[in-house]
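Here is the structure we will look at, set down as C-alpha cells.
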Amino acid sequence: MRAFLLKISLFLILFALVAGVFDTLYFKVRMETLYPELVHLDKLLEEEVEVILLGSSVNRYTDSLDTDKRSIDAMLADLLPERKVGAISHTAYHMDIFLELARYISRQDHKPLLIIPINVRTLCPAWDLRPTYQFTFEKHLINNAHLFRRFIDMNKDVEKELQDFKEYPVYHQQRLIGQLQEFTAPYAKLTDPTKGFIFHYLQPISPDNQKIVSFENLLSNCEEHGIPYLIYFTPLDYTSAEALQIPGFQEGLATNLSLFEEVIQLHEAEDRTLDLSFSLDSAYFSYPILPNEHLTQAGRMFVAAHLRDKINTAKALN
C-alpha cells in the first residue's frame, strides 16, 4: 500500500512539474500576443537599458512627408550614443498606465531613468474617459501576469459605459456647448478646428482627476524606489489656437497645465522638468482637423535634442 501511495505521489509531483513547464511556455507565448509592450519592457530591463521613454502615439507618429521616420526615442538614442535608450509607447497611453509600469519596474533589480511625458490632452474627456483607453486588462497583466487567464469581467456593461461616454457634457467658459459624441470620431464630420481646441484643451478639470493623482503617485513611487525620472511637457500647437482667437484659450490651458505644475512643485522636481508646451509653432505639427501633439520629423528631433540636453545637464540626473 505504501509503495502504491509513493508511486501516486511521485506521479503527481512529476505531473505538476510538467504542467508547470508547459504553463510557463504557454504563458510566454500568450504574453507576446496579449501584451507585447510588457514583454518588451522585460527585455529592456534585462539588457539594463539606461533610459526608457514612456509614451503615446506622440512618440512614434510620422507625417506622410517625413523622410526621417524615426520615433523620438530612436532619435534620442542616436543623440546619446553613450547610453542605451529604449521606449515603452502605445497609442493613448497616459499617467494611469505609466504609474503601473513604474510600479512594475520598482519590483525589478534594474532602475533606468524614466522619461515621463505630460500631455495635457490626456485630461480631455475623449482620452480620460474613453472605455477602451482605461487599459484595465493591461493593468491587470502588469500586476498579476501569472493569473491572466482568470481575468474576465463578465458583469461589465460595455454598452452602458460607451453610452455614458458619448453623452458626457462639453463646456466652454462654464457654458454647456454639447455632448462628447459631437466632438469626436468620425473625424470626417468635424470641420471646425475651434471646437477641437476647446474640446481637447479647455475642459474644466478637477485637481483630483485620476490622471493628476496617478502623476503624483508615479513621482512618489519613483522617489521611494530610487528610480530617476525626467518630466517633459509635450509641445502644443498654441499658435493655431491663437490664430483662431478662441476666447479664454490661454487662461483655460494655463489652468489645466498648472495642475501638473503643482505636483512638480510639491516634489521639488523643477530641475528634472522640461517644459516644451509653447516651444513650437504650427509648422511642426501634423494633423487633419482635430488638434493633437503629433509632430513632423523636425518636431520630433526638436524634442529629442532637448531631452538629450536636459539629461546631460540636469544635476538631479547626473
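For reference, positions follow the sequence shown, starting with 1. Given the structure is predicted, the values throughout are model-derived calculations rather than measurements.
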Within 6.0 angstrom of K69 NZ, more than 12 heavy atoms from elsewhere: yes
L253 side chain reached by V120 side chain, heavy atoms, under 4.5 Å: yes
Value rounded to 0.5 Å, distance of CD1 in I52 from CG in D73: 10.5 Å
ILVMFWY network linking V213 to F260, side-chain heavy atoms under 4.5 angstrom: no
Side-chain donor or acceptor of Q108 paired with backbone N/O of I105 under 3.5 Å: no
Verdict with supporting geometry, F135 and H90, ring-ring contact (aromatic ring centres under 6.0 Å, His included): CA-CA 11 Å; F135 297 107; H90 184 282; 5.7 Å; yes
Residue pair R308 / N312, side-chain heavy-atom distance below 4.5 Å: yes
Gap separating the OG atom of S57 from the CG atom of N119, nearest 0.5 angstrom: 8.5 Å
Carboxylate-amine/guanidinium contact R103 E100, below 4.0 Å: yes
Atom CD of E47 with >12 non-hydrogen neighbours under 6.0 angstrom: yes
Path from F165 to Y171 over hydrophobic side-chain contacts below 4.5 Å: no
Heavy-atom side-chain proximity of N209 to L259 below 4.5 angstrom: no
Spacing of OH belonging to Y284 relative to CG belonging to L295, to within rounding of 0.5 Å: 10.5 Å
Heavy-atom pair of closest approach, residues S286 and Y61: OG-OH, 2.9 Å
Cluster check L266, I212: I/L/V/M/F/W/Y, side chain < 4.5 angstrom: no
Closest non-hydrogen atom pair, C222 against L114: SG-CD1, 4.2 Å
Short side-chain to backbone donor-acceptor contact, K84 and P81, under 3.5 Å: no
NE2 on H110 to CD1 on I227, rounded to 0.5 Å: 10.0 Å
L307 with L79, same ILVMFWY side-chain cluster at under 4.5 Å: no
Stepwise side-chain contact (heavy atoms from CB on, under 4.5 Å) check, L276 with V303: CA-CA 8 Å; L276 302 179; V303 172; 4.1 Å; yes
side-chain contact (heavy atoms from CB on, under 4.5 Å) evaluation trace for S279 with Y238: CA-CA 9 Å; S279 58; Y238 73 100; over 6 Å; no
Flag for Y201-D237: side-chain donor and acceptor within less than 3.5 Å: no
Q181 and Y168: CA distance, side-chain angles, deciding distance, side-chain contact (heavy atoms from CB on, under 4.5 Å) verdict: CA-CA 8 Å; Q181 59 191 339; Y168 193 85; over 6 Å; no
Gap separating the NZ atom of K211 from the CD1 atom of I97, nearest 0.5 angstrom: 10.5 Å
Closest non-hydrogen atom pair between A92 and W127, with its separation: O-NE1, 2.8 Å
Within one Ile-Leu-Val-Met-Phe-Trp-Tyr cluster: L53 and M75, side-chain cutoff 4.5 Å: no
Reference residue P112; test side-chain contact (heavy atoms from CB on, under 4.5 Å); the match among V51, L45, L41: L45
Check: E167/Q163 side-chain N/O donor and acceptor closer than 3.5 Å: yes
Residues H172 and Q203: side-chain donor-acceptor under 3.5 angstrom: no
Presence of salt bridge, E293 and R121, under 4.0 angstrom: yes
Minimum heavy-atom distance between S258 and T255, given as atom pair plus value: OG-O, 2.5 Å
Residues S220 and E224: side-chain donor-acceptor under 3.5 angstrom: no
Option among I72, I88, T234, L54 that satisfies the side-chain contact (heavy atoms from CB on, under 4.5 Å) test with N59: I72
Near-ring test F302/H306, centroid separation under 6.0 angstrom: yes
Sidechain-backbone polar pair: Q297 side chain, T67 backbone, donor-acceptor under 3.5 Å: yes
Check: E223/Y229 side-chain N/O donor and acceptor closer than 3.5 Å: yes
P131 versus E161, closest heavy-atom pair with distance: CB-OE1, 3.5 Å
No-hydrogen, no-angle side-chain donor-acceptor test under 3.5 Å, D96 and S214: yes
Heavy-atom pair of closest approach, residues E242 and Q250: OE2-NE2, 2.7 Å
Euclidean distance, E261 CD relative to I231 CD1, rounded to 0.5 Å: 11.0 Å
Carboxylate-amine/guanidinium proximity below 4.0 Å for R300 and D66: yes
Full working for side-chain contact (heavy atoms from CB on, under 4.5 Å) between V85 and E50: CA-CA 6 Å; V85 178; E50 297 160 270; over 6 Å; no
Residue pair H94 / S56, side-chain donor-acceptor N/O under 3.5 Å: no
Donor-acceptor contact below 3.5 Å, side chain K195 vs main chain E182: no
